[in-house]
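Counting starts at 1 for both ligands and their atoms, in listed order.
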Amino acid sequence: MKAVILSGGFGTRLRPLTINTPKSMIPVLNIPFLEYLIKRLKSHKVSDIALAVSYLAEPIKNYFGDGSRFDVKLSYTVEEIPLGTAGAVKNAGGFIDEPTLVFNGDVFTDLDLTDMMENHKRNKAMLTIALTPVEDPTSYGLVETDSNNRILRFLEKPSPDEITTNMINAGTYILEPEVMSLIPAQTNCSFERDIFPLLLRNKEDVFAYPTDCYWMDIGKPENYFQVHYDLLNGKSNQYHFNNGRKKMVTGTNCIIHPSARISGTVVIGNNCIIGQDVKINGPVVIGSNCQISNYSIIDDSILWNSVHVEPLAKIKHTIIANDCHIGSGSIIEQAVLGNNTIVGYGKHIKAGQLVSPNTIVS
Ligand code: GTP
């Protein structure tokens, strides 16, 4: 089987993190999100994968290269300006010469891809869209089906009285190569808004593949936290937190002061130093080369690599990207800090603040 992964969006809902890091490279438990997806594809015998990239393509290419490290064949199609989800797949040109999986590169899911492909073939579908249930359907595009899972209608962000289903488009599709002829070349075009409704109007065989397996769109800060909580709680079959044995996993070369108090589920990368009387209240994820200095408190937070926290700082429900420096005695709550932020001594970053990369908060 073949797959195209869409990794070229701006990721505006995850700003400031996505200013330097493409959404698909954002770490989930210290591993780039895309690595989970590629390993999952491989486990379903999908080893010919095209990455449709645009904005910030280099970090993806540098990490994954030709895919041989993951035993898959990776190719890249690069858009000079983002062409939209369908335009990006069109840009992959001749790659799609058989029924092909297409993935939004920001959805963490345990979807059974082999079974989805079998369903697609059994239905002789032109397009199959994976569906997932959500609690509050008002902010999503809903998909209405008949009892045979044939798609009848797409409903964009309906009002409460219009809601007939709680099933939404899960961002994974299987396309027949014929769909490509409907997508204009080098033009911004969206599957959800343009091509899927067009296929319905053309009375093509468009089917749903509904499933209630684990699914999370990591594209918003709260969802990014949630995918961490879920993986640490064993809700996905793609991650077994230390095989259920311990509450803490540390990488190599870490120095943890014996007086540090670590509770809850905690993941720490390589070469980290955790100082005297530091409190870490999980769930907490700390990347590699981080230093948490004496008497600091880290509570329910995600720190990427090379973050230096000076003494007596308090960090709660916050995401801190690479190379940040947090001054002593500072307090940071419910914030998102972009790469290379410097927070001065005793500063208070209040709830909801999004700090752009390279900012000095003094
Ligand atoms: P937001 O701006 O936060 O909505 O994020 P986004 O720009 O990534 O858009 P969205 O979440 O709707 O995109 C779904 C998936 O398609 C993501 O994996 C995007 O990276 C990808 N995507 C969106 N637009 C494009 C595009 O123009 N080109 C390519 N190659 N991928 C895209």
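The single protein non-hydrogen atom nearest to atom 9 (O) of ligand 1 is Lys23 NZ, 4.3 Å, given as residue, atom name and distance. Looking only at protein heavy atoms, the nearest one to atom 2 (O) of ligand 1 is Thr12 OG1, 2.4 Å. Nearest to atom 30 (N) of ligand 1 among the protein's heavy atoms is Glu79 OE2, 2.7 Å. If you check which protein heavy atom lies closest to atom 3 (O) of ligand 1, you get Arg13 N, 2.7 Å. For atom 22 (N) of ligand 1, the closest non-hydrogen atom of the protein is Gly9 N, 3.5 Å. Here the protein heavy atom with the shortest distance to atom 31 (N) of ligand 1 is Gly8 N, 3.0 Å. Atom 7 (O) of ligand 1 has Phe10 N, 3.0 Å as its closest protein atom, hydrogens excluded (heavy atom only).
Neither the backbone nor the side chain of Asp217 has a heavy atom within less than 4.0 Å of ligand 1. With a 4.0 Å heavy-atom cut-off, ligand 1 is reached by the backbone of Ser7 but not by any atom from C-beta on. Under 4.0 angstrom from ligand 1, there are no non-hydrogen atoms of Ser54.
Note that CD1 of Ile183 is 6.5 Å distant from NZ of Lys90, once rounded to the nearest 0.5 Å. Here the CG-CG distance, from Leu83 to Asn188, works out to 6.5 Å after rounding to the nearest 0.5 Å.
When Ile320, Asn30, Ile319 are each tested for a side chain to side chain contact (heavy atoms under 4.5 Å, CB included) with Trp304, only one passes: Ile319. Exactly one residue among Leu34, Asn104, Leu37, Leu51 makes a side chain to side chain contact (heavy atoms under 4.5 Å, CB included) with Ser24. That residue is Leu34. Each of Tyr36, Tyr224, Trp215 was scored for a side chain to side chain contact (heavy atoms under 4.5 Å, CB included) with Phe108, with one residue passing: Tyr36.
Those atoms of ligand 1 with a heavy atom of Ala88 less than 4.0 angstrom away are 28 (N), 29 (C), 30 (N). Ligand-side atoms of ligand 1 in range of Gly84: 26 (C), 27 (O), 28 (N), range being under 4.0 angstrom from any heavy atom. Residue Pro82 approaches ligand 1 through these ligand atoms, each under 4.0 Å from one of its heavy atoms: 26 (C), 27 (O).
Backbone and side-chain nitrogen or oxygen atoms of Leu14 are examined, and none is located within less than 3.5 angstrom of a nitrogen or oxygen of ligand 1. In terms of polar-atom proximity, Thr85 is not counted as a contact of ligand 1, lacking any N or O under 3.5 Å from an N or O of the ligand.
Asp66 places a side-chain N or O within donor-acceptor distance of the main-chain N or O of Ser68, the cut-off being under 3.5 Å. When atom types are taken as modelled, the side chain of Asn223 and the backbone of Asp217 share a donor-acceptor pair closer than 3.5 angstrom.
Ring planes of His317 and Phe225: parallel class, angle under 30° (limits at 30 and 60°).
Residue Gly11 places a heavy atom less than 4.0 Å from ligand 1. Ligand 1 does not have Gly219 within reach: every non-hydrogen atom of the residue lies 4.0 Å or more from it.
Shown here, atom 12 (O) of ligand 1 is out of close reach of the protein: none of its heavy atoms lies under 4.0 Å off.
With salt bridges taken as basic N to acidic carboxylate O contacts below 4.0 Å, one links Asp205 and Arg150.
Cation-pi check for Arg193 over Phe154 is not met; the charged atom does not lie both under 6.0 angstrom from the ring centroid and within 45 degrees of its normal.
A side-chain N or O of Asn340 and one of Asn358 form a donor-acceptor pair less than 3.5 Å apart.
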